[in-house]
Structures are given as structure tokens and as C-alpha cells.
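Proteins get letters first, then strands, A, B, ... in listed order; numbering begins at 1 in each. Everything numeric here is computed off the predicted structure, so don't read it as measured data.
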There are 2 protein chains.
Amino acid sequence: MSQQRHGSTSGNGARAGAVSAFPDLPEATIARLPEYLRALHNLGEGGADTISSEGLAAAAGVNSAKLRKDLSHLGSYGTRGVGYDVALLIEQIEYVLGLDQRRAVCLVGVGNLGHALAGYDGFASRGFKIVALLDADPAKVGERIHGLIVRHIDELPAVAVEETIAIGVIATPAGAAQAVADELVTAGVTSILNFAPCVLSVPANVDVRKVDLAIELQILSFHEHRKASLTALPGGRSATGAGNQEAVGS
Amino acid sequence: MSQQRHGSTSGNGARAGAVSAFPDLPEATIARLPEYLRALHNLGEGGADTISSEGLAAAAGVNSAKLRKDLSHLGSYGTRGVGYDVALLIEQIEYVLGLDQRRAVCLVGVGNLGHALAGYDGFASRGFKIVALLDADPAKVGERIHGLIVRHIDELPAVAVEETIAIGVIATPAGAAQAVADELVTAGVTSILNFAPCVLSVPANVDVRKVDLAIELQILSFHEHRKASLTALPGGRSATGAGNQEAVGS
DNA sequence: AGGCGCTTGTGAACGCGTGCACAAATCGCG
DNA sequence: CGCGATTTGTGCACGCGTTCACAAGCGCCT
Ligand SMILES: NC(=O)c1ccc[n+]([C@@H]2O[C@H](COP(=O)([O-])OP(=O)(O)OC[C@H]3O[C@@H](n4cnc5c(N)ncnc54)[C@H](O)[C@@H]3O)[C@@H](O)[C@H]2O)c1
Ligand SMILES: NC(=O)c1ccc[n+]([C@@H]2O[C@H](COP(=O)([O-])OP(=O)(O)OC[C@H]3O[C@@H](n4cnc5c(N)ncnc54)[C@H](O)[C@@H]3O)[C@@H](O)[C@H]2O)c1
């Protein structure tokens with residue numbers, strides 16, 4: 001039990017006072033903001049100063065109406081007849097996502113996958129910093145990867161004291177994932193990204209997101225199956241198929 | 001343009017005749033079926049013969065009503081007062097997902113991430129088989145990884161002839177992803193799993209799914225930001241937070 | 001055979017997300 | 001200074017997905 005949905009359905013919403021008034025963004029919107037952000041960075045590097053909703057939507061692979069509605073939830077940062085100021089919009093989205101402060105990431109499980117993640121430069125460039133690599137295997141402990149030394153999982157509490165860990169990444173086998181998650185929670189981590197193919201039970205105040213390769217492949221397999229059974233039918237050639245672009249993770 | 005949604009909104013649906021009558025499953029349902037399948041395999045190995053919707057829902061991390069509705073779309077494979085036959089349900093879900101036939105996967109880009117994917121045993125155990133590893137770097141070509149030899153990307157057409165590729169996986173830098181996608185499509189691949197952080201343009205009959213780490217982290221970052229700004233407010237301790245478990249991929 | 005408890009399957013209500021279509025707003029130009 | 005072109009911001013309607021609640025069905029026990 002205990003796994004609910006994000007549901008910001010708590011009725012606390014925005015009070016009369018202008019204390020902090022955190023924007024009560026729809027979950028679907030915040031899932032797309034990173035995509036907009038990446039598109040904006042690309043456009044900015046391309047020398048663009050302003051961008052229309054149509055242009056940005058194309059770059060992000062979404063409908064322009066959806067994009068405008070998403071951005072309108074952040075406030076009015078566009079100019080009618082002109083478009084959005086790229087630099088300003090980047091700043092706003094980064095603020096909302098909390099990327100203005102570099103967040104510390106702790107990676108647990110330096111195996112096949114963990115090794116690749118540890119060497120990924122896409123972390124640093126997006127505002128994250130891996131501050132610790134942890135593993136239970138004594139043979140792995142001490143190994144140096146991209147300037148970081150692998151430490152033993154038992155040192156997690158110590159690591160948490162040295163630096164406030166914002167996000168814990170689990171890249172251990174499924175059998176160890178729940179135990180690792182428990183330890184992360186005990187150490188004060190309130191956001192977990194789980195690569196192990198299993199369900200995690202965590203307290204209500206902890207956010208868990210899961211990335212599961214096999215699920216993605218199986219969904220694609222379904223559509224292959226469907227397409228195959230369709231082309232084998234009367235209908236005709238193609239035309240019935242539907243392209244898509246499901247955003248999933250990174 | 002060109003990127004629409006899955007939308008099986010084509011009105012062809014189920015004809016009067018019982019030709020193949022492919023179940024017109026909601027997209028949200030098929031995204032959860034792999035999760036149910038994994039839970040069922042675990043339960044089966046645990047010696048369970050039958051399982052109630054409540055039990056299976058708990059194992060898969062979802063609401064039991066949702067699970068029953070999902071399964072009801074496949075037909076009536078449960079027994080009232082008893083539950084679902086584990087083996088039968090596994091068989092049915094695997095059939096619907098098209099996992100009864102082993103699907104060939106082609107991995108393009110054997111770098112940091114591609115190396116990890118190539119060595120992942122989670123593919124084989126879920127009904128997939130990597131049949132080719134491709135890369136553009138001459139230094140990588142010829143390398144042996146887990147019994148497969150890395151071949152040059154130019155050999156893709158030849159590979160496609162040798163074996164029908166069901167799914168292409170892109171693990172190249174973002175700059176090369178669109179070109180690789182085009183080559184995959186030309187080679188006849190109609191399902192793509194993209195790890196590069198960019199939007200792909202593909203014909204309407206090709207399915208693309210994307211896995212983006214950075215997006216996952218940024219979503220978690222947002223919730224960290226939100227939680228931080230909440231605990232700093234009058235309210236009280238916690239209780240307002242919301243646990244969750246977003247399924248994403250694998 | 002009948003009744004009782006348990007579990008599935010589903011009708012109905014609700015809420016969220018999407019997309020259309022347009023009014024409001026801004027810029028540039030004559 | 002006013003007008004038209006352009007683009008944002010949003011009210012509204014629709015469809016999908018989720019959840020509740022319960023009738024129908026099944027097995028077991030007496
Ligand atoms: N390799 C991939 O491409 C891939 C893809 C998708 C998902 N996954 C999943 O990611 C996870 C890791 O996969 P992998 O291929 O890297 O496996 P791996 O066996 O290569 O690595 C697992 C690592 O976790 C460490 N570990 C085990 N128990 C631990 C514990 N209690 N605390 C800390 N560390 C512990 C092990 O020492 C090992 O180094 C698995 O759950 C796998 O299903 C892997
Ligand atoms: N490493 C990670 O943990 C990680 C995580 C998430 C996403 N990604 C993304 O996955 C992709 C790969 O990451 P990586 O760390 O493995 O990078 P990498 O540079 O280590 O590997 C890229 C590989 O692609 C090959 N390649 C380049 N152009 C090619 C082409 N046209 N055809 C075929 N092969 C080509 C290169 O030779 C190289 O071997 C990137 O887009 C990255 O953003 C990586």
C-alpha cells in the first residue's frame with residue numbers, strides 16, 4: 001500500500017497572502033517543461049533571441065496550443081505579436097524546476113548500468129552533480145570512475161552528512177532495490193530514480209520515478225503485433241498506423 | 001510536424017466477422033500490462049497458483065479496480081470468488097503484447113550507454129534478442145561484446161536482410177540520432193526506442209518511444225523544490241506531501 | 001440443496017488533459 | 001496616429017482515464 005499518485009490535490013493551494021504561492025502546475029505540464037527547456041537551449045545556442053509558440057512547439061515535438069497553455073501556467077512571459085524571450089523563458093523554467101540550485105545526486109549500484117550513468121555528462125550539463133558512487137561489492141569499492149571513488153554502501157549516512165543529497169539513483173539488481181531505497185530514505189533522501197524492475201514502497205513524502213527498459217520494449221512489441229495483424233487484414237496498405245512520440249524519461 | 005499520438009482512433013475497430021478482432025486496448029492499459037506480467041512471473045515463481053486482483057494489484061503497485069478494468073479489456077480470464085489463474089493470465093498478456101514470438105532488437109551506438117545495454121540480460125528474459133550491434137566509430141567495429149561483434153552502421157541494410165528487425169534502439173549522441181533513425185526506417189524498422197535527448201521525425205507508421213534520464217531528474221528536482229518551499233511555510237510538518245510511483249520505462 | 005462469503009466484471013460519475021477557436025494585446029508601417 | 005498583421009493567453013467542449021460502488025457469479029460449507 002502507500003503508493004499513491006502525485007496528486008497535488010491537497011486543497012492548500014494558493015492562500016490569499018503572497019507568501020510563496022508555489023505554482024500548482026498540472027503533472028502533465030511539469031513533465032513537458034524539461035523538453036521545452038532543452039529545445040530552448042538548442043534555439044538559444046542557434047542564436048535565436050525570441051521564439052514563437054509555434055516554433056518552440058515544433059522543436060519540442062508538441063502541439064502549439066498545448067505549449068501555450070503549459071507556459072501560461074507559469075505566468076505571462078510572452079509578448080503578443082512577437083513570441084517568447086528565449087533567455088527569460090529559460091530562466092523561468094529553470095527556476096520553477098528548481099534547477100537554479102545544483103542538486104546533488106547519489107548513485108547506488110556501480111555495475112553495468114551504473115558505470116554508464118556515472119560517466120554520463122548529461123547530468124552536469126542539466127544542473128545535477130553526482131556526489132557519490134556507492135556499491136556493496138568490496139571488489140568495486142575503491143575503484144575510481146570519472147574522478148569519483150566508489151565507496152561502500154554502509155557509508156551512505158556519512159555521505160548524507162557531508163552533502164545534502166537531493167536525489168538517489170538506484171542501479172542495483174531488483175532484489176536489492178527495496179533495501180537500498182530504505183537506506184536512502186533513512187539517510188534523508190526524498191527523491192529516488194529507480195532503474196531496477198520492481199515496485200518500491202516508500203513513505204508518502206518520498207517521490208519515486210521508475211525507468212524500465214523492458215516495459216518500453218514490450219509496449220513497442222505490442223504495437224508491432226498490432227500493426228502486423230492489421231496489415232494482414234483487408235484494409236489496404238498503411239495509412240491506418242499512427243506515428244507517435246511518447247515522452248518517457250532520459 | 002508528423003508526430004501525432006498513438007491514437008488508435010481509427011474507426012476500423014472490430015468488424016462483425018471474427019477475423020482477428022485485435023483488442024482495441026487503451027494506451028494507458030497496455031503501458032501497465034508489462035508491469036502486471038512481471039508481477040505475475042514473480043508470483044508464479046513463488047509458487048502461487050491463482051491470485052486475486054487485490055494481491056496482483058499490490059504486487060504491481062496499482063489500484064485493484066484499475067487492474068480489474070485493465071484485465072477485463074483482454075476478456076474474462078478470472079474466476080469470481082477465486083481470482084486469476086496465474087499461468088493462464090501470463091499466457092494471455094504475453095500473447096496480447098506479442099511476446100509469444102521472440103523479437104529481434106538492433107542496437108545502434110555502442111558507447112557508454114550502449115555497452116551497458118548490450119550486456120543487459122533483462123532483454124533475453126523478456127522475450128527480446130539483440131541480433132546486431134552497430135556503430136560508426138571504426139575503433140569500435142570488430143569489438144566483441146557478450147558474444148556479438150560490433151559491425152559498422154553501413155551494414156544496417158545487410159543486417160535487416162539477414163533477420164527481420166522488430167525494434168531499433170538508438171544510443172548515439174543526440175546529433176546523430178535523427179540520421180540513425182532515418183537509416184533504421186529505410187531498413188524497414190517500424191519501432192524505435194530512443195535514448196538520445198532529442199525529438200525524432202519519423203513516418204506516421206513508425207512508433208517511437210523515448211527514454212530521457214535528464215527529464216526524470218528534472219521532474220524529481222521540481223518536486224524537491226516544491227517540497228522545500230512547502231516545509232518552509234506555515235502549514236506544519238509533512239502530511240501534505242504525496243508519495244508516488246510513476247511508471248516510465250525500463 | 002441452499003445459503004454464505006468472497007471476488008470478478010462493469011455501469012456510472014468525476015476529474016484531468018487536450019485541442020479548438022477566438023478575443024486581447026503588441027508591433028510595425030504607412 | 002491608426003490600421004492590419006501577428007501571436008499570445010484562455011474559455012469551452014470533448015474524450016480518456018480513474019475510481020467508486022455494486023450486481024452477478026463462483027466455490028465451499030453445512
Ligand atoms: N544494464 C542495463 O542496460 C540495464 C538496463 C535497464 C535496467 N537495468 C537494471 O538496472 C539494474 C542494474 O543492472 P546492471 O546490469 O548494472 O547490473 P549489475 O549486476 O552489473 O550491477 C549491479 C551492481 O549493484 C551492486 N549491488 C548489489 N547489491 C547492492 C546493494 N545492496 N547495495 C549497493 N550495491 C549493490 C552490485 O555490486 C553491482 O555492482 C538491474 O536492476 C537491471 O535490471 C539494467
Ligand atoms: N551514458 C548514459 O548514462 C546516458 C544516459 C542517458 C542518456 N544517454 C544518451 O545516450 C546517448 C549515448 O550516450 P553515451 O554516453 O553512450 O555516449 P557515447 O559517446 O559514449 O557513445 C555514443 C556512441 O555512438 C556512436 N555513434 C556516433 N555517431 C554514430 C552514428 N551516426 N551511427 C552509429 N553510431 C554512432 C559513437 O561512435 C559512440 O560509440 C547520448 O545521446 C546520451 O545523451 C546516455
Which whole-number value in Å describes the distance from Leu56(B) CG to dC6(C) P? 20 Å

Do Leu25(A) and Phe222(B) pass the side chain to side chain contact (heavy atoms under 4.5 Å, CB included) test, and can you show the C-alpha distance, the side-chain angles, and the key distance before you say yes or no? CA-CA 10 Å; Leu25(A) 301 173; Phe222(B) 168 82; 3.8 Å; yes

Looking only at side-chain N and O atoms, does Asp70(A) offer a donor or acceptor that is under 3.5 Å from a partner on Thr29(A)? yes

Toward the 5' end of DNA chain C, which comes first, Ala65(A) or Gly81(A), by nearest nucleotide? Ala65(A)

Please walk me through it: do Arg38(B) and Val199(A) pass side chain to side chain contact (heavy atoms under 4.5 Å, CB included)? CA-CA 10 Å; Arg38(B) 185 178 48 69; Val199(A) 177; 3.8 Å; yes

For residues 169-180 of chain A, dump all side-chain donor-acceptor pairs below 3.5 Å to protein atoms at least two apart in sequence or in another chain.
| from | atom 1 | to | atom 2 | distance (Å) |
| --- | --- | --- | --- | --- |
| Gln178(A) | OE1 | Ser201(A) | N | 2.9 |
| Gln178(A) | NE2 | Asp182(A) | OD1 | 2.9 |
| Gln178(A) | NE2 | Ser201(A) | O | 3.0 |

Under 3.5 Å side-chain donor-acceptor pair for Arg226(B) and His223(B): yes

Can you find a side chain N or O atom of Ser53(B) that sits less than 4.0 Å from OP1 or OP2 on dT7(C)? no

Side chain of Lys66(B) (C-beta onward), nearest among dT18(D), dG19(C), dT8(D): dT18(D)

Nearest whole angstrom, please: distance from the C1' of dG9(C) to the CD of Gln92(B). 16 Å

Could you tell me the separation between the CG atom of Asp24(A) and the C1' atom of dG15(C), rounded to a whole number of Å? 14 Å

When rounded to whole Å, the CD1 to C1' distance for the pair Ile30(B) and dC16(D) reads 14 Å

Could you state the CG-P distance from Asp85(B) to dC26(D), rounded to the nearest angstrom? 15 Å

Set of residues satisfying side chain to side chain contact (heavy atoms under 4.5 Å, CB included) with respect to Ser64(B), sequence neighbours excluded: Ser53(B), Glu54(B), Ala57(B), Arg68(B)

If I take atom CZ in residue Arg32(B) and atom C1' in nucleotide dT19(D), what distance separates them, rounded to the nearest angstrom? 12 Å

Specify the residues of residues 69-80 of chain B, ordered by number, for which at least one heavy atom lies under 4.0 angstrom from an atom of DNA chain D. Lys69(B), Thr79(B), Arg80(B)

So, is Tyr84(A) close to the dT26(C) phosphate, meaning a side-chain N or O under 4.0 Å from OP1 or OP2? no

Which nucleotide in dA21(C), dA21(D), dG17(D) has an atom nearest any side-chain atom of Arg68(B): dA21(D)

What is the separation between atom CG on Leu67(B) and atom C1' on dT10(C), rounded to the nearest whole Å? 14 Å

For a side chain to side chain contact (heavy atoms under 4.5 Å, CB included) check, start with the C-alpha distance between Tyr36(B) and Ile93(B), then their side-chain angles and the critical distance, and finish with the verdict. CA-CA 9 Å; Tyr36(B) 301 157; Ile93(B) 295 180; 4.1 Å; yes

